[in-house]
Every structure is written in C-alpha cells, then in structure tokens.
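Before any comments, here is the structure.
The first residue in the sequence is number 1, and the count goes up from there. Keep in mind it's a predicted model, so treat the numbers as computed, not measured.
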Amino acid sequence: MPAYALFIREKLADPAEFKKYSEVVAETFKGFPAKILAAYGKQEKLEGTEPDGVVIIEFPDAASARAWYESPAYQKAAEHRWKAGPYNVVIVDGV
C-alpha cells in the first residue's frame with residue numbers, strides 16, 4: 001500500500017538554511033523509491049491555519065518512507081530544515 005510523507009512548514013524563519021537544505025535534499029533520495037508529488041507549490045487554504053509550504057512525497061509503503069526519513073543522509077540534510085523553520089511531518093498510509 002502506498003504511503004505519503006507530508007512536510008508542512010509553519011513559517012520560514014531562516015531562508016539561508018532553507019537554501020542549504022534545498023541544495024542537498026535531492027541527493028538523499030538516491031536508492032529510495034520516492035516520487036515527489038508536490039513541493040512548495042501554490043496552495044489554497046480551505047480550513048484551519050494556512051501553512052507556509054507543503055511537500056508530499058509518495059513511497060511504496062510506510063517502511064520505505066521511514067527508512068528514507070531515518071537515513072543518515074536525510075538526517076544530515078534535515079539539520080538545515082530544522083533551522084529553517086518549524087514543520088509538522090507525518091507519514092500517512094494511502095488507500
């Protein structure tokens with residue numbers, strides 16, 4: 001069953017750190033079966049608090065999503081994301 005990693009940025013606090021993250025994150029997908037479905041595109045808030053940015057990544061299953069997220073390469077890249085601003089990150093099973 002497919003699974004999706006959702007990254008919901010609340011507010012960009014440090015553009016320089018986000019730029020560093022953007023420059024290295026693509027390399028973290030090497031060897032992982034991931035497909036980026038949306039990345040900081042135009043959005044339309046329908047309810048709740050409008051996020052600053054949203055990323056949706058499809059994986060074949062939740063185990064693959066977690067393996068990528070927990071990989072040393074992604075965790076090193078994520079250090080820049082953590083400095084860039086607050087995020088909510090979830091893995092959700094598809095149907």
Considering all heavy atoms of both residues, which atom of [X] and which atom of [Y] are nearest to each other, and what is their separation?
X	Y	value
Pro2	Glu58	CB-OE2, 4.1 Å
Thr28	Ala77	CG2-CB, 4.0 Å
Phe32	Ser64	CD2-O, 4.4 Å
Leu6	Tyr4	CD1-O, 3.6 Å

### Gly48 backbone acceptor or donor facing Lys45 side chain under 3.5 Å
yes
Connected via hydrophobic side-chain network under 4.5 Å: [X] and [Y]:
X	Y	result
Tyr69	Ile57	yes
Val90	Val54	yes
Val55	Phe29	yes
Ile8	Leu12	no

Working to the nearest 0.5 Å, report the span between [atom1] of [X] and [atom2] of [Y].
X	Y	atom1	atom2	value
Phe7	Asn88	CZ	CG	11.5 Å
His80	Trp82	NE2	CH2	10.5 Å
Phe59	Ile91	CZ	CD1	7.5 Å
Glu17	Glu79	CD	CD	9.5 Å

### Task
Answer yes or no: is there a side-chain heavy-atom contact under 4.5 Å between Leu46 and Glu44?
yes
#### Entry: Non-hydrogen side-chain atoms of Lys83 and Phe18 separated by less than 4.5 Å
no
### Query
Relative to the ring of Trp68, is the ring of Tyr74 parallel (under 30°), tilted (30 to 60°) or perpendicular (over 60°)?
tilted
### Query
Under 4.0 Å between a Lys/Arg side-chain N and an Asp/Glu carboxylate O for Arg9 and Asp52?
yes
Counting only pairs under 3.5 Å, give me each side-chain donor-acceptor contact of residues 34-43, with atom names and distances, residues two or more places apart or in other chains.
from	atom 1	to	atom 2	distance (Å)
Tyr40	OH	Tyr87	OH	2.6
Gln43	NE2	Pro51	O	2.5

